[in-house]
2 protein chains.
Amino acid sequence: MTNKSVKNSVGRPKTFEKDDVIKLAMNHFWEHGFEGTNLDDLLVAMGIKKSSFYRTFKSKEEVFFLSLNLYKQETFTLLEQLKGEIGVKETLVQIIKYDIDEAKKIGKLKGCLLIDCGKEFYKKHGIISEYMRTEMDDFVDFFAKFVKEGQLNGQITNQLDAKLLAVRYLTLYTGIISSLQAGIEFSVVDDLLFFVEELLK
Amino acid sequence: MTNKSVKNSVGRPKTFEKDDVIKLAMNHFWEHGFEGTNLDDLLVAMGIKKSSFYRTFKSKEEVFFLSLNLYKQETFTLLEQLKGEIGVKETLVQIIKYDIDEAKKIGKLKGCLLIDCGKEFYKKHGIISEYMRTEMDDFVDFFAKFVKEGQLNGQITNQLDAKLLAVRYLTLYTGIISSLQAGIEFSVVDDLLFFVEELLK
DNA sequence: ATAATTTTGTACTATTTGGTACAATAAAGG
DNA sequence: CCTTTATTGTACCAAATAGTACAAAATTAT
């Protein structure tokens with residue numbers, strides 16, 4: 001897209017792109033959380049050395065916020081793409097089904113970077129991070145529009161206010177993630193997907 | 001209840017009861033999580049000095065597991081008590097309403113010690129703690145029995161299998177906690193309580 | 001007073017944490 | 001070869017972490 005791979009006029013050429021290592025960092029934060037990520041492991045995940053890290057970024061925290069931003073971008077992009085393929089309602093269902101299947105298969109579930117790290121921050125500092133709150137609002141707004149579209153084209157028959165329905169969906173989603181991560185029996189998990197489908201009707 | 005306050009034959013009398021300081025520790029863990037609790041703050045919360053702490057307990061971890069056990073006991077006791085006063089269904093609703101009100105009023109919400117610390121452990125070690133899993137099973141079983149009772153006496157009209165309904169309820173509950181802690185707008189929170197009431201019908 | 005027991009205070013340890021400083025080296029163009 | 005730029009390696013730092021050791025003081029019964 002942008003002029004990433006243009007040769008810099010002179011000097012040793014770069015061996016990594018900033019955006020690429022942010023993505024690697026994002027995946028690591030996503031899996032381990034912010035506090036659960038120590039710098040050494042993060043560096044291994046990013047494939048760069050400490051010296052390069054601190055020449056490129058200000059701190060671990062800065063990389064985290066860049067990761068959070070990338071997470072939002074990628075989530076929205078994925079949802080829009082899926083929408084084009086299978087429609088609004090099916091996208092909302094499949095997103096959750098994907099997590100359930102992943103938990104069943106590999107017994108591991110990354111969950112939601114925003115919610116999980118928001119919770120970490122909340123537990124640590126006793127207040128909601130203002131940054132997290134606005135990110136959360138972005139998610140709610142996006143899903144509200146998403147749901148609205150489904151209601152208008154008839155894929156979602158539940159005529160509850162789109163924003164409220166989006167919040168119900170997101171709440172259920174984060175609850176399912178927590179339940180899965182808390183090790184709920186697989187025998188009862190499928191019913192949770194029915195629950196979601198009932199909600200979207 | 002037990003012979004807590006009997007005088008020990010000789011020596012300086014105890015100034016704190018083990019169970020009492022465990023309860024204080026529980027409340028601190030509940031609010032800050034396990035990793036988010038450092039020993040010095042924990043000691044302040046428990047009102048004892050480090051020397052006393054390590055003479056009474058083996059480690060921070062031991063106190064945490066004792067706290068977790070107490071948490072379960074107290075939760076079940078509270079639910080049984082409320083059941084006697086306002087019935088099964090109303091108890092399930094009010095429990096959540098209490099959290100919502102707390103979040104609205106003081107802008108702070110402890111959430112669920114088991115789920116929150118289970119998530120911490122999960123994120124850190126990549127697997128579900130076996131201890132947490134069995135605790136989770138205890139909770140599911142308790143709520144399943146609770147729901148069953150409500151279905152039999154007609155307070156809950158939703159005739160979905162009691163265990164599945166209990167899991168739906170718990171999932172919704174943990175989702176609501178996450179949403180509140182993530183700083184969802186208060187304007188949409190009330191609808192989440194309607195959602196719970198609809199579920200229990 | 002003395003023995004028994006509990007709590008406190010102080011000092012210490014070993015490990016891990018995020019972060020810094022800086023020289024050495026690698027890879028390109030001029 | 002020389003300059004420029006990117007990466008690496010090594011060494012270090014200050015702070016925070018959970019936990020230990022042990023003497024001193026407090027409070028009781030005998």
Side-chain angles (χ1 to χ4, degrees), chain A residues 3-22 24-26 28-29 32-68 117 120-121 123-126 129, chain B residues 3-22 24-26 28-29 32-68 117 120-121 123-126 129:
Chain A
N3 48 355
K4 275 183 186 174
S5 49
V6 294
K7 297 259 176 175
N8 287 335
S9 52
V10 73
R12 178 178 178 170
K14 297 172 67 176
T15 60
F16 66 89
E17 292 296 328
K18 202 172 169 179
D19 289 357
D20 293 339
V21 295
I22 290 173
L24 292 167
M26 180 196 77
H28 194 82
F29 280 128
H32 299 96
F34 179 73
E35 305 287 343
T37 291
N38 68 341
L39 196 58
D40 288 345
D41 290 348
L42 181 62
L43 291 173
V44 172
M46 295 172 82
I48 60 176
K49 304 297 172 183
K50 193 182 275 193
S51 328
S52 303
F53 181 93
Y54 279 106
R55 198 176 57 77
T56 313
F57 306 104
K58 195 175 140 281
S59 62
K60 178 189 167 193
E61 231 177 19
E62 191 203 13
V63 177
F64 174 70
F65 284 114
L66 291 170
S67 297
L68 209 55
C117 293
E120 272 187 76
F121 191 95
K123 285 277 171 184
K124 186 130 203 180
H125 302 96
S129 155
Chain B
N3 48 354
K4 276 182 187 176
S5 48
V6 293
K7 297 259 175 179
N8 288 335
S9 52
V10 74
R12 179 176 179 171
K14 297 173 67 175
T15 59
F16 65 90
E17 293 297 328
K18 202 171 170 180
D19 288 357
D20 293 339
V21 294
I22 290 173
L24 292 167
M26 179 196 77
H28 194 83
F29 280 127
H32 298 96
F34 179 74
E35 305 287 344
T37 291
N38 68 342
L39 196 58
D40 288 344
D41 290 349
L42 182 62
L43 291 172
V44 172
M46 295 171 80
I48 60 176
K49 303 297 172 184
K50 193 182 276 192
S51 327
S52 303
F53 181 93
Y54 280 105
R55 200 177 57 77
T56 313
F57 306 104
K58 195 177 141 279
S59 63
K60 179 188 166 192
E61 230 177 19
E62 191 203 17
V63 177
F64 174 70
F65 283 114
L66 290 170
S67 298
L68 210 55
C117 294
E120 271 187 77
F121 191 94
K123 285 276 172 186
K124 186 131 201 179
H125 302 95
S129 154

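Residue numbers begin at 1 in each chain, while the letters A, B, ... track the order of the sequences.
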Between the base of D/dG9 and the side chain of A/K49, is there any donor-acceptor pair under 3.5 Å?
no
What contact category does A/T15 fall into here, base, sugar-phosphate, or nothing, at under 4.0 angstrom with non-hydrogen atoms?
sugar-phosphate
Spacing of A/K123 atom NZ and B/E35 atom CD [to the nearest 0.5 Å]:
13.0 Å
Among the candidates [options], find the nucleotide nearest to the side-chain atoms of [X].
X: B/L39; options: D/dG19, D/dT27, C/dT7; answer: D/dG19
X: B/R12; options: C/dT7, C/dG29, D/dT20; answer: C/dT7
X: A/S51; options: C/dA27, D/dA26, D/dT8; answer: D/dT8
X: A/N38; options: D/dT7, C/dG18, D/dT20; answer: C/dG18

Check the distance between [N]'s [atom2] and [X]'s [atom1] and give it to me in whole angstrom.
X: A/K50; N: D/dT10; atom1: NZ; atom2: C1'; result: 11 Å
X: B/I48; N: C/dT6; atom1: CD1; atom2: P; result: 14 Å
X: B/L43; N: C/dG9; atom1: CG; atom2: C1'; result: 13 Å

Would you indicate whether the side-chain heavy atoms of [Y] and [X] approach each other to under 4.5 Å?
X: B/F64; Y: B/L42; value: no
X: A/E120; Y: A/C117; value: yes
X: B/V63; Y: B/M46; value: yes
X: A/F57; Y: A/I22; value: yes

Near DNA chain C, counting only heavy atoms under 4.0 Å, which residues of residues 55-66 of chain B show up?
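Here the set is B/R55.
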Using only side-chain N and O atoms of B/Y54, determine if any of them is under 4.0 Å from OP1 or OP2 of D/dT20.
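No, no such contact exists.
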First of B/F16 and A/T37 reached from the 5' end of DNA chain C, by closest nucleotide
B/F16
Using 30° and 60° as the class boundaries, would you call the ring planes of B/F34 and B/F29 parallel, tilted or perpendicular?
parallel
